[in-house]
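Worksheet for the structure shown next.
Atoms considered below: every heavy atom in the structure, side chains included; atoms not considered: hydrogens, waters and symmetry mates. Just follow the structure's listing: the first ligand is 1, and inside any ligand the first atom is 1. Throughout, residue positions are numbered sequentially from 1 according to the sequence presented.
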Amino acid sequence: MDQGPFIPLDAYRPAGSPESVSAGFYEVVRRRRTVRHYATRPVSLETVKNLVRAAGTAPSGANKQPWRFVCISDPAEKARLRAAAEKEEHEFYTRLAPPDWLRDLHPLGTSENKAFLEEAPWLIVVFRLVRSDDGSKVYYSHESVGLAVGLLLVAAHHAGLSTLTYTPSRMGFLSEILKRPIHERPYLVVALGFPAEGCLVPKIDRKPLDRIMVVHEAHPPAP
Ligand SMILES: Cc1cc2nc3c(=O)[nH]c(=O)nc-3n(C[C@H](O)[C@H](O)[C@H](O)COP(=O)(O)O)c2cc1C
């Protein structure tokens, strides 16, 4: 079978050394926080389209791009999603959640109240395709969609917007309310908007580099 066709790489060359550019990027992304309280200030559809375009540039197994981003600003639909989510959350918090899970959630201040589903100007419900739209196979779909969502969150942060990655314990209601076809499986919900004035976030720690990174460096050549 013939390979290709191939085209020249449109290489991205930032102004600045890799050391300074990567340090600058870290300064930006380290300020990303999950936000659970949103301002009423609207976010344009054009902005959301750009964020989804950015997410859609993620690498994916065999370039199958196994994702769908359902973007909702309709208040009635957000209210329906909130009502269904809170029904699931009530079950989770009162019956399904094991005690250690509830203990881990405690510092974050989460509860079965999901007001952000109505307050955030946009909800982006992300679906993972288990088959392509043309019926062909997909590969590493979980990894691929996770990478796309990561890009979406960073693109939103870069635009001065905040997000909340929301994972209801049971997500079937997302498919039903949004009438998605069977080959699309709900993956997670991203609430998107400007943070509420005076918004507080949990005081959490990030692991230091020496706890997340292991280096096997090439030995420098002998002088
Ligand atoms: C896969 C995933 C699922 C999450 N699910 C929820 C959720 O259901 N509800 C919620 O309030 N936060 C959720 N979060 C947000 C995390 O609690 C948050 O990222 C974490 O506490 C670190 O805080 P930070 O994002 O501000 O750095 C989720 C994050 C990820 C990556």
Side-chain angles (χ1 to χ4, degrees), residues 25-39 51 54-55 58 60 66-70 72 78 81-128 140-175 177-178 185-196 198-209 211-213:
F25 185 71
Y26 168 61
E27 282 306 312
V28 174
V29 291
R30 75 181 184 83
R31 295 174 66 182
R32 184 211 53 80
R33 290 301 313 274
T34 293
V35 161
R36 297 181 175 86
H37 308 282
Y38 288 89
L51 302 182
S60 63
W67 42 64
R68 187 91 64 221
F69 301 90
V70 180
I72 302 146
K78 288 195 292 180
L81 289 168
R82 177 183 177 183
E86 287 185 340
K87 212 167 135 203
E88 290 296 345
E89 295 293 346
H90 181 73
E91 276 289 281
F92 176 76
Y93 278 91
T94 56
R95 237 171 42 80
L96 299 176
D100 53 348
W101 195 337
L102 291 177
R103 203 171 45 243
D104 284 343
L105 286 176
H106 189 69
L108 305 178
T110 58
S111 73
E112 60 188 75
N113 181 320
K114 300 297 172 190
F116 61 81
L117 291 173
E118 282 190 272
E119 287 167 5
W122 287 93
L123 301 177
I124 304 179
V125 184
V126 184
F127 289 83
R128 176 179 67 88
Y140 297 105
S141 63
H142 286 98
E143 294 83 348
S144 304
V145 180
L147 289 166
V149 172
L151 270 180
L152 181 73
L153 303 192
V154 172
H157 175 71
H158 186 246
L161 294 163
S162 292
T163 55
L164 164 52
T165 314
Y166 172 49
T167 42
S169 54
R170 292 183 299 202
M171 303 203 204
F173 71 91
L174 296 168
S175 305
I177 292 176
L178 301 174
R185 302 290 155 81
Y187 188 75
L188 49 71
V189 181
V190 176
L192 172 81
F194 290 95
C199 175
L200 298 178
V201 292
K203 184 173 184 304
I204 55 166
D205 293 323
R206 291 194 171 125
K207 294 179 184 175
L209 193 61
R211 284 190 55 210
I212 63 170
M213 184 179 190

### Query
Is there side-chain contact between Thr34 and Val201, with at least one heavy-atom pair below 4.5 Å?
no
### Query
For Arg170, which residues count as a side-chain hydrogen bond (donor to acceptor under 3.5 Å, both in side chains) partner, sequence neighbours excluded?
Glu88
Going by atom type alone, with no hydrogens or angles, which donor-acceptor pairs under 3.5 Å involve a side-chain atom of residues 98-112 and a protein atom two or more places apart or on another chain?
residue : atom : partner : partner atom : Å
Thr110  : OG1  : Tyr93   : OH           : 2.9
Ser111  : OG   : Asn113  : N            : 3.1
Glu112  : OE1  : His90   : ND1          : 3.4
Glu112  : OE2  : His90   : ND1          : 2.7

### Query
Within the distance-only criterion (no hydrogens, no angle test), does the side chain of His157 pair as donor or acceptor with the backbone N or O of Thr163 below 3.5 angstrom?
no
### Query
Should the pair Glu91-Lys87 be classified as a salt bridge under the 4.0 Å nitrogen-to-oxygen rule?
no
## Note on the structure
At a 4.0 angstrom heavy-atom cut-off, ligand 1 is contacted by Arg32, Arg33, Thr34, Arg36, Leu108, Thr110, Leu164, Thr165, Tyr166, Thr167, Ile204, Arg206
### Task
Name all residues meeting the side-chain hydrogen bond (donor to acceptor under 3.5 Å, both in side chains) criterion together with His142; count only those two or more places apart in sequence or in a different chain, and write none if there are none.
Arg128
